[in-house]
Q: 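For reference, the structure I am asking about is given below.
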Number of protein chains: 2
Amino acid sequence: MTTPQLTKNQSLVFDVLEKAEGPLSAYTILDKLRDHGFRAPLQVYRALEKLLEYGVVHRLESINSFVACAHPGDDCHSHGIVAFAICESCGQVMEFHDHEVDHRLMGWVRGQKFKPAKTTIEIRGLCEACAA
Amino acid sequence: MTTPQLTKNQSLVFDVLEKAEGPLSAYTILDKLRDHGFRAPLQVYRALEKLLEYGVVHRLESINSFVACAHPGDDCHSHGIVAFAICESCGQVMEFHDHEVDHRLMGWVRGQKFKPAKTTIEIRGLCEACAA
DNA sequence: CAATTGATGTAATAACATAACATCTGCAAT
DNA sequence: ATTGCAGATGTTATGTTATTACATCAATTG
């Protein structure tokens, strides 16, 4: 899927996420955009919904937050399942892909005749700097 | 870790989860326990916290719900990372383990000198019956 | 008994997410 | 050009999930 032109609100939300050091909650994004006229959570959630659909933003289920995709220029969908390592101390997120992991998980679901729609892999812990 | 004797509230919450067909939210558990004297969310969350610690209950991050561990008698911790396939139609949850997936993920984090604490693998989709 | 610890009870509030409805804007069809 | 539609936006209210703060209670132990 190619990313369509972003609307005004989508661009604002995406810019905030791109400039952020780490993942942000929807309400944090809202606060950062009040100066730009944002008044209600729905403005953020609606933009996020599209950005997620386009694959330029990821949702981190385990911390109810959102990050810009770490692979600008690539089409995230081409990488298969995206995995995240999330530092619980500094908030830094590392995004990665592992075809063998995808293969094993998809092999298992195929054996169960389960039809996967969306897969979440999130590793919470401490990054090298914070673990020291 | 061996599971200690459960307290009254822990037992009540665990029983509700064991008898349930699928995952339950904390507030659903609360409603089911009002007859047993539960009045506030915290009574549920506190019990869940311990049950999660003992490994007899799992939290499904992507749907903000909880399930009893599908491997009674086993110590879940001995299985390494637990993965879930969650049917978005009927709510059924399948729990499984894959050592190769664990190995790949842990290999990756080791390469990053990341110290993992808790890993989530959740596949949402449709179970065989619902996909038909 | 006093002190400590872990479990519990209760109220209030914080944090996350969606429903429902109104309005606006750009554009295609006639 | 105007009508009609679709998508985006604005606004209010509400629903859902989770935690903070503080009080009480029960069992244990020094």
Side-chain angles (χ1 to χ4, degrees), chain A residues 1-17 20 22-54 56-67 86 88 91 118 120 122 124, chain B residues 1-17 20 22-54 56-67 86 88 91 118 120 122 124:
Chain A
M1 190 214 314
T2 178
T3 305
Q5 186 62 34
L6 299 184
T7 67
K8 180 161 159 287
N9 285 3
Q10 288 159 20
S11 294
L12 287 167
V13 169
F14 183 67
D15 286 352
V16 166
L17 282 174
L24 300 178
S25 76
Y27 277 73
T28 301
I29 296 169
L30 173 58
D31 286 340
K32 289 182 183 293
L33 288 174
R34 291 210 188 267
D35 294 346
H36 295 269
F38 273 47
R39 314 289 307 277
L42 207 48
Q43 296 175 283
V44 176
Y45 283 109
R46 285 204 277 230
L48 286 171
E49 182 179 26
K50 290 296 185 184
L51 295 171
L52 291 167
E53 183 184 323
Y54 303 153
V56 297
V57 163
H58 299 294
R59 179 189 177 103
L60 300 176
E61 304 283 358
S62 64
I63 57 172
N64 296 319
S65 295
F66 304 84
V67 280
I86 305 165
E88 293 182 305
K118 181 73 171 59
T120 295
E122 296 175 17
R124 271 107 57 224
Chain B
M1 191 215 315
T2 177
T3 305
Q5 185 63 34
L6 299 183
T7 67
K8 180 161 160 285
N9 285 2
Q10 288 161 20
S11 293
L12 287 166
V13 169
F14 184 66
D15 286 352
V16 166
L17 282 173
L24 300 178
S25 75
Y27 279 76
T28 301
I29 296 169
L30 174 57
D31 287 339
K32 289 181 182 296
L33 288 175
R34 292 212 186 265
D35 294 345
H36 295 269
F38 273 46
R39 313 290 308 279
L42 204 49
Q43 296 176 281
V44 176
Y45 282 109
R46 285 205 277 228
L48 286 171
E49 183 180 24
K50 289 298 185 181
L51 295 170
L52 291 166
E53 183 184 323
Y54 302 153
V56 297
V57 162
H58 300 294
R59 178 190 176 104
L60 301 176
E61 305 282 358
S62 64
I63 57 172
N64 296 318
S65 296
F66 303 85
V67 279
I86 304 166
E88 293 182 304
K118 180 73 172 61
T120 295
E122 297 175 15
R124 271 108 57 226

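The sequence lines fix the lettering, A, B, ..., with proteins before strands; numbering per chain opens at 1.
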Q: Write down the distance between CZ (B/Arg34) and P (C/dG9), rounded to a whole number of angstrom.
A: 13 Å
Q: Taking atom types as modelled and ignoring hydrogens, do the side chains of A/Thr120 and B/Arg124 form a donor-acceptor contact shorter than 3.5 angstrom?
A: yes
Q: Quick one, A/Tyr27 and A/Val44 - any side-chain contact, counting heavy atoms below 4.5 Å?
A: no
Q: What is the distance, to the nearest angstrom, from the OH atom on B/Tyr27 to the P atom on D/dA18?
A: 8 Å
Q: Determine whether any donor atom in the side chain of A/Arg46 lies under 3.5 Å from an acceptor atom in the base of D/dG10, or the reverse, and answer yes or no.
A: yes
Q: Does a side-chain N or O from A/Arg39 land closer than 4.0 Å to OP1 or OP2 of D/dA13, or not?
A: no
Q: Given atom OH of A/Tyr45 and atom C1' of C/dA20, what is their separation to the nearest angstrom?
A: 18 Å
Q: For A/Gln43 and C/dT18, what is the distance between atoms CD and P respectively, to the nearest whole Å?
A: 16 Å
Q: Does A/Thr7 make a side-chain N or O approach to OP1 or OP2 of D/dT9 shorter than 4.0 Å?
A: yes
Q: Of the candidate nucleotides C/dT10, D/dA8, D/dT19, which contains the atom at the shortest distance from the side chain of B/Ala40?
A: C/dT10
Q: Is there side-chain contact between A/Val13 and A/Leu6, with heavy atoms separated by less than 4.5 Å?
A: no
Q: Rounded to the nearest Å, what distance is computed from the CD atom of residue A/Gln5 to the P atom of nucleotide C/dG26?
A: 14 Å
Q: I'd like to know if the side chain of B/Glu122 and the backbone of B/Ile86 have a donor-acceptor N/O pair within less than 3.5 Å.
A: no
Q: Tell me the interatomic distance from B/Asn64, atom CG, to C/dA17, atom P, rounded to whole angstroms.
A: 8 Å
Q: Given D/dT17, C/dA19, D/dT12, identify the nucleotide with an atom nearest to the side chain of B/Ser25.
A: D/dT17
Q: Identify, between B/Gln10 and A/Phe66, the residue whose nearest nucleotide on DNA chain C lies closer to the 5' end.
A: B/Gln10
